[in-house]
Amino acid sequence: MKKVLILCTGNSCRSQLAEGFIRHFAGDTAIVYSAGIETHGVNPRAIAVMAERGIDISGHTSNNVNEYANIDFDYIITVCDNAKESCPYFPTQAQKFHYNFPDPAKASGTEAEIMQEFRRVRDLIETYCSDFVKTHLSN
């Protein structure tokens, strides 16, 4: 079984969305982790927009990347430039992937406008994760 780590700055939005989608699309072909270079807790809006897709991430936790230093990952995906630049070195043969998704937690405006940005980023991440699983985790 492949091991996938998704990294972001605070492990609150983008990496949580990606973890949820990769788990959903990969099923039992992968063990999926997410972490941040900091921990900010799982964003309630991220939980809400995933629930709209029928994916429950309410049980996810916000973890620090150092918690996973001893795991030999097959794939490491950074979902923001800050994580890519600040991530500690992993002594692993993991293939590394990067995509700088916008941070929906930085959205401003009315609640409806903020939720629209969360949905927009969710949809970008969903497409990326679906393609990743088809390319790298399908049997």
Side-chain angles (χ1 to χ4, degrees):
M1 193 169 320
K2 300 289 186 186
K3 294 183 190 85
V4 180
L5 175 63
I6 303 138
L7 291 173
C8 198
T9 301
N11 194 216
S12 67
C13 291
R14 294 167 285 186
S15 54
Q16 295 289 345
L17 297 171
E19 178 185 356
F21 279 124
I22 291 181
R23 283 182 181 205
H24 175 74
F25 293 130
D28 61 2
T29 64
I31 301 171
V32 185
Y33 304 80
S34 70
I37 54 175
E38 304 165 4
T39 55
H40 297 166
V42 182
N43 189 299
R45 291 181 177 118
I47 294 169
V49 297
M50 290 299 281
E52 292 174 358
R53 285 284 189 268
I55 299 172
D56 182 6
I57 65 167
S58 64
H60 285 197
T61 57
S62 185
N63 300 298
N64 187 283
V65 65
N66 294 321
E67 295 174 42
Y68 302 132
N70 296 322
I71 297 175
D72 189 20
F73 290 101
D74 297 287
Y75 303 103
I76 297 175
I77 304 168
T78 50
V79 293
C80 70
D81 286 345
N82 187 44
K84 182 181 183 205
E85 295 160 8
S86 305
C87 184
Y89 171 74
F90 269 92
T92 178
Q93 297 298 316
Q95 285 186 267
K96 294 177 178 70
F97 297 87
H98 175 70
Y99 193 99
N100 186 41
F101 292 100
D103 186 355
K106 292 185 176 173
S108 61
T110 66
E111 183 62 22
E113 291 166 335
I114 293 169
M115 286 303 290
Q116 188 56 39
E117 179 63 3
F118 267 82
R119 289 181 186 104
R120 185 181 78 81
V121 173
R122 174 204 57 203
D123 294 349
L124 292 170
I125 291 173
E126 180 179 23
T127 299
Y128 179 90
C129 291
S130 175
D131 292 344
F132 180 86
V133 169
K134 286 175 190 167
T135 304
H136 301 285
L137 299 174
S138 293
N139 293 334

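All of these numbers come straight from a predicted model, not from anything done at the bench.
Using a 4.5 Å heavy-atom cutoff, the side chains of Cys80 and Asn100 are in contact. Looking only at side-chain heavy atoms (C-beta outward), Leu5 and Ile71 stay at 4.5 Å or farther from each other. When side chains are defined from C-beta on, Cys13 counts as touching Phe118, because their heavy atoms get closer than 4.5 Å. Put simply, the side chain of Met50 reaches to within 4.5 Å of the side chain of Leu17, judged on heavy atoms. Taking the side chain as every heavy atom from C-beta outward, Val49 and Met115 approach each other to under 4.5 Å. Within the 4.5 Å cutoff, the side chain of Glu52 has heavy atoms near those of the Arg122 side chain. Side chains of Tyr75 and Leu137 form a contact here, defined as non-hydrogen atoms less than 4.5 Å apart. Counting heavy atoms from C-beta on, the side chains of Asp103 and Thr9 never come closer than 4.5 Å.
A donor-acceptor pair under 3.5 Å links the side-chain atoms of Gln16 to the main chain of Thr61, judged by distance alone. Side chain of Glu67 to main chain of Asn64: a donor-acceptor pair is present (N/O by atom type, distance under 3.5 Å, no hydrogens or angles).
Taking 4.0 Å as the cut-off between side-chain N and carboxylate O, Arg23 and Glu19 count as a salt-bridged pair.
Between the side chains of His40 and Ser62, no donor-acceptor pair is found at a separation under 3.5 Å.
The minimum heavy-atom distance linking Ile114 with Gly109 is given by the pair CD1-O, 3.6 Å. The shortest non-hydrogen separation linking Arg120 to Pro102 is NH2-CG, 3.4 Å.
In this structure, Phe132 and His136 have tilted ring planes: the angle between them lies in the 30° to 60° band. In this structure, Tyr33 and Phe73 have perpendicular ring planes: the angle between them is above 60°, well past the 30° mark.
We find the NZ-OG1 distance between Lys96 and Thr78 to be 10.0 Å, quoted to the nearest 0.5 Å. The line from NZ of Lys134 to SG of Cys129 is 12.0 Å long, rounded to the nearest 0.5 Å. In this structure, OG1 on Thr29 lies 8.0 Å from CE on Met1, to the nearest 0.5 angstrom. Expressed to the nearest 0.5 Å, how far CG of Asn66 lies from CD1 of Ile37 amounts to 10.5 Å. Remark: Asp72 CG to Gln93 CD distance equals 8.0 Å, nearest 0.5 Å. Atoms CD1 and OG, from Ile125 and Ser15 in turn, are 8.5 Å apart once rounded to the nearest 0.5 Å.
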Go through it in stages, so that I can follow the logic: the residues are Ser34 and Asn11, the test is side-chain hydrogen bond (donor to acceptor under 3.5 Å, both in side chains), and I'd like the CA-CA distance, side-chain angles, deciding distance and then a yes or no. CA-CA 7 Å; Ser34 70; Asn11 194 216; 2.9 Å; yes
Show your reasoning for whether salt bridge (Lys or Arg N to Asp or Glu O under 4.0 Å) applies to Glu111 and Arg45. CA-CA 10 Å; Glu111 183 62 22; Arg45 291 181 177 118; 2.7 Å; yes
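Taking a 6.0 Å sphere around OH of Tyr99, one finds it holds 12 or fewer heavy atoms contributed by other residues, nucleotides or ligands.
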